[in-house]
Structures are given as C-alpha cells and as structure tokens.
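Report on the structure given below.
Just so it is clear: chains get the letters A, B, ... in the order the sequence lines come, proteins before strands, and each one is counted from 1. Computed from heavy atoms alone, side chains included, the values below leave out hydrogens, waters and symmetry copies.
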Amino acid sequence: MLQVSYIRDNREQVLDRLAVKNFKQPELVDEIIALDDKRRSTQTSMDNVSAEANAAAKQIGELMRAGKKAEAEEIKAKTGAWKEDIKKFGDLLAATEEELYQKIVLLPNLPHSSVPKGLTPEENEVVLENGAKPELPANALPHWELAAKYNLIDFELGVKITGAGFPVYKNKGAKLQRALINYFIDEAEKAGYSEVSVPLMVNKDSGFGTGQLPDKEGQMYFVTEDELYLIPTAEVPVTNIYRDVILKADELPVKNCGHTPCFRREAGSYGAHVRGLNRLHQFDKVEIVQVVHPDKSYETLEQMSAHVQGLLKNLGLPYRVLRLCGGDMGFASALTYDMETWSAAQQRWLEVSSVSNFETFQSNRLKLRFRNSEGKTQLAHTLNGSALALPRIVATLLENNQTEKGIKIPEVLVPYTKFEWID
RNA sequence: GGUGAGGUGCCUGAGAGGCCGAAAGGAUCAGUUUGCUAAACUGACGUACGGGAAACUGUACCGAGGGUUCGAAUCCCUCCCUCACCGCCA
C-alpha cells in the first residue's frame, strides 16, 4: 500500500511510475488526493468540536464540585448539539477513510526507475546469463519421464491421494528434496540469515500485511471453518513476524530464512507447460527475507540476487537473471529479479527464484517501522526472495545431469544426499 | 469441547466515573558522581492522525466493536484472544 502523504506530495511522479506498470486507472490518484483532503478537513472539524465538548465536560465537573449546580446545568444543555456534530463528523470521517482505503489498496507499488516499460514476459530485460547450456544426447528425457524411470516421483499416486499437482516423492527423489532443503538453509545461514520455522496457515491480517489480500485471494487455499489461509510462500508468515513492530535502528538489517511447503491453487493453469514439476499446487521452498534501512534496500537486493546466483552456480545449473518489466512485475514489488534455469530436455527457461524489493509497500500495511537517527518512527523496507524453490531445481537437475550411467548429483549436494548417482 | 481467571505502555503492575495518556518498579537512553566495572543520584522515555516553518498544539487510543453519561481504562452489552484446570490427543 502506498502512503497517501507521498501520493499527495508527488502526484506527477506517481502517475509517471504507475504508467510504467501499465496501470489502467490513473484517475484513481486524483480521487485519492481529493478523498484525503476531505478526510483531513473532516478530522479538523471533528477535533475542534471534540475539544470544545471536552473543555465543557471538564468545566461541568469543576462546577459540580464547587456546588454550582445551576451553572453546570446551563452548560450541559449545550452538549447535545456537540454530540450530534461529533457523531456526524465521526461517521463521515470513518466513511471517508474507508473509501480512501478501498481506493488506495488498488494502487500497485511504484516501480523503481530501472524497471523497463513493457507488458509481457518477453519484454523482461535479460541482465545476465551464466553457465553453458548442456548438450544432451538425442534420447534425453524430460524430468517427468526420468522421475518415472528411476522411481523418484509418483504423480499418479499424488492424484489418488489428493489431486493433480500434489506429487509423491519417493526413494532418492525424496532424499534429493531433503538434501536441497538442508543445503539451501545451510547456505542461507552462512550468509547471515537466521532460520525460522513458521506456521503454514495464516490469518487474514497476515494475508493483508504482505499484500496477498485482497489482490490474490483466489490463489490461496482457504480453510473456511477457521478462516485461515494456507501460505502461498513463507514470505507471508516470516514477514508478518514484524507486523506492528518498531525496530531499533541497530536491529537492522533483519535477516531470516525458512523452509516451508507452499500451497497455490493456480486456478486456470493447464496444459503442456505445467507438466511434471513445472507447476504444482504444493511445493517446497526456502525463502530469504530481509527488513532493512531504506537507504540500503537496493544494495541488499543485489546481495540477495548474488546469493541466489551463488546457489545456482554451485549446483552447476546454467541460469539467467531477468529484470522484470512493469507489466510482468508483482503488485507489491518495486523491483524484481527473476532467476531462471535452463531446462535442457524441455529446451526452455524455468523460473526458480524471484527476488524483490518492496520498499515501504508491505511495511506500510504491516506498520513495520524503525526508529531513525532523529528518534522518529519510519517505515522500513522489506525484501524477499526464493533461495530456492525446489521443484524446478529438481526438474533441471534431473534433465541436465542425465547420462548413460544415470543422473549425476552435483558435488555440493553429495554430503547431503549421501549418494553420487541416481541410477 | 467443559469450567474458571484474565487482557492497561518495552516488561511487571496499580487505577474501580472527572484531578488519568494513565501510579510505582524494572528495562532503555542522556547527564552527574565514583580511578575502571558495578552502584548511587538527576532527567528523558507510547503510538497514530490533524494544525503549525518551528516551538508547540488539538484529537483518538487502556483487547475489538457498540451503549449509558455533560464526562468512561473504570459501568452495561456483544465479540475476540490469552492463561489455568479437566476431557481428548500427535
């Protein structure tokens, strides 16, 4: 959620930036400014009447104590009108605030100046590519066939137990998952992140705090009986640790990492591109989250990007980094890098990580602040990134590392898997 | 699920219609003193919104929402949550 005061003071810039995100309703900006004017004048009116009424109430108390009952009654007679006014202004204020809120939550975050204009994923900017794409033999298999061949993942069994998109990992497939999770967590801790293990269901306030609500309501599984959402990413519970928190300046940066399953309804996604591990309703992910001083957030974003790239390099996966264009970015993000690995058997790039700076968009909703050098509270910046999401990493590893002998496990993972080959 | 007790500031905890944005202690910060550390003393110390260049100032907030009253942390109603015990149970 953007800050009204910022919109008010930077109208032109807000409109320019929203245009980069292809925002369709620029007139909302002026409506918001007008509502804010109304809100402020209403509050001033109400405050003035309240001040009068408060003063009168105090006076009545003093007169009563002094035994001047008649005078007290005289003032009492006037309070009726004030009460009506306070009620009237109060209702108007509440209605105006509500209307303002309903509009302001429709505004996406403003993109950073480096974000390219564009509508579709094709217009994302390729920042860099790293690693050679492997040449596979002609009889190379896509990961879903490898998974069957080596008895690693049973998609059909998942359908029986739950439904499509809920695979069952078996044998070395299950162990590979666990190895990757542990490896990612260990690397994050080496980079200074402290591990948290968080709830997999969150309440509405948390969903709003990180911006999944109201924007992506339909993408989350909802437990109606208890009004809880299954998390679509660890970002939600981990970032919400800091909801309604005022941090001391020296507590920044906050660095947390955590592994969770993630649940996504992915309503409307079908077809060849979602085969196998390409798109699931439940998958595992290690997430890194930071809360930082606003001056440091872009520097931090680069560090987080470098961390993710380090993992990919260590795993020996060819990857590229994209700077998402305005049209492809998330609602809450100011700048997002996507990391994609090259899936050699499918001959396509697969997104395995997304690293974003939300600036104050989340912290404004979360009321996540820190005390700055002047002793004032100020909104912190939040960032997060996948480091990494498992299924597509598994897919790429299986495909790219297939040989006649079997599938070679990357060296860094062997201490975790305790085996070198899937054969 | 049943029964009981509670929700007050960073924490503990008083306050039971006006003198309360809220005692006291602790924590924290600044200063004084002490050779250092510790201690002692002095002072500061909630958040949000509005007005103001600022100093400052108005309003709201004692779990949430309503109500009674000239006036509510305090009384009434509804809801939420926490804790304890019992039941059930990984």
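- Look at CZ on Phe89(A): it is 17 Å from C1' on C49(B), rounded to the nearest Å.
- When each of Arg371(A) and Lys76(A) is assigned the nucleotide of RNA chain B bearing its nearest heavy atom, the one mapping closer to the 5' terminus is Arg371(A).
- Counted by atom type alone, Glu235(A) and Thr210(A) present zero donor-acceptor pairs between their side chains at under 3.5 Å.
- Base-pair partner of G87(B): not found among the strands shown (Watson-Crick or G-U wobble, both distances under 3.5 Å).
- Distance noted for atom C1' between U12(B) and A53(B): 42 Å (whole Å).
- Rounded to a whole angstrom, the distance from the C1' atom of C10(B) to that of C76(B) is 33 Å.
- Put simply, CG on Asp37(A) is 16 Å from P on C49(B), counting in whole angstrom units.
- Across all strands shown, Ala56(A) has no heavy atoms under 4.0 Å from either base or sugar-phosphate atoms.
- Separating the CD atom of Glu52(A) from the C1' atom of G50(B) is a distance of 17 Å, rounded to the nearest angstrom.
- Cation-pi check for Lys175(A) over Phe419(A) is not met; the charged atom does not lie both under 6.0 angstrom from the ring centroid and within 45 degrees of its normal.
- Residue contacts shown for Asn54(A) are limited to sugar-phosphate atoms, with no base heavy atom under 4.0 Å away.
- A straight line from NZ of Lys248(A) to P of G46(B) spans 15 Å, rounded to a whole angstrom.
- A side-chain donor-acceptor contact under 3.5 Å links Asn109(A) to the backbone of Phe358(A).
- Summarising the local packing, NZ of Lys117(A) is surrounded by more than 12 heavy atoms from other residues, nucleotides or ligands at distances under 6.0 Å.
- A donor atom on one side chain and an acceptor atom on the other are not found under 3.5 Å apart for Gln362(A) and Tyr242(A).
- In this structure, a donor-acceptor pair under 3.5 Å is present between the side chains of Tyr298(A) and Glu359(A).
- Set against U47(B), U59(B), C70(B), the side chain of Ser50(A) has U59(B) as its closest nucleotide.
- Pair assignment for G35(B): none, as no Watson-Crick or G-U wobble contacts are both less than 3.5 Å.
- Screening Lys103(A), Arg11(A), Arg8(A) for a salt bridge (Lys or Arg N to Asp or Glu O under 4.0 Å) involving Asp30(A) leaves a single residue, Arg11(A).
- Here the nucleotide nearest the side chain of Thr44(A), chosen from G51(B), G18(B), G58(B), is G51(B).
- You'll find that the side chain of Gln43(A) is closest to G50(B), out of G71(B), A48(B), G50(B).
- Close to G51(B), at under 4.0 Å from its OP1 or OP2, lies a side-chain N or O of Arg40(A).
- Phosphate contact (OP1/OP2 of U47(B), side-chain N/O of Arg369(A), threshold under 4.0 Å): absent.
- Along RNA chain B, the nucleotide closest to Ala57(A) and the one closest to Met46(A) are compared, and the more 5′ of them pairs with Ala57(A).
- Taking every side-chain heavy atom of Arg65(A) into account, G18(B) is the closest of G58(B), G18(B), A48(B).
- Rounded to whole Å, atom P of G50(B) lies 10 Å from atom CG of Leu93(A).
- Going from the C1' atom of C70(B) to that of G17(B) covers 12 Å, rounded to whole Å.
- Across the P atoms, G26(B) and A40(B) are found 8 Å apart, a figure rounded to whole Å.
- Pair check for U42(B) finds A30(B); Watson-Crick or G-U wobble, both atom distances under 3.5 Å.
- Here, U3(B) and A16(B) have their C1' atoms 27 Å apart, quoted to the whole Å.
- Pairing for U69(B) is absent, judged as Watson-Crick or G-U wobble with the two contacts each under 3.5 Å.
- Residue Ile246(A) contributes atom CD1, which lies 13 Å from atom C1' of C45(B) at whole-angstrom precision.
- The pairing partner recorded for A23(B) is none, the criterion being a Watson-Crick or G-U wobble arrangement whose two distances lie under 3.5 angstrom.
- A gap of 13 Å separates the P atoms of G21(B) and U74(B), to the nearest Å.
- In this entry the distance linking NZ of Lys68(A) with P of G18(B) reads 21 Å, nearest Å.
- Atom CD in Glu97(A) sits about 14 Å away from atom P in A60(B), given to the nearest Å.
- Pair assignment for U78(B) gives A64(B), based on Watson-Crick or G-U wobble hydrogen-bonding distances that are each under 3.5 Å.
- A gap of 15 Å separates the P atoms of A5(B) and C77(B), to the nearest Å.
- Checked against U59(B), G50(B), G18(B), the side chain of Arg8(A) finds its nearest nucleotide in G50(B).
- With a 4.5 Å cut-off on side-chain heavy atoms, Lys204(A) and Tyr229(A) count as touching.
- Across all strands shown, G17(B) forms no Watson-Crick or G-U wobble pair with both distances under 3.5 Å.
- With a 3.5 Å ceiling on both atom-pair distances, G52(B) lacks any Watson-Crick or G-U wobble partner.
- Listed candidates were G58(B), G51(B), C70(B). Nearest to the side chain of Asp47(A) is G58(B).
- Counting any heavy atom pair closer than 4.0 Å across all strands shown, Thr377(A) reaches sugar-phosphate atoms only and no base atom.
- Nucleotides U47(B) and U8(B) place their C1' atoms 15 Å apart, quoted to the nearest Å.
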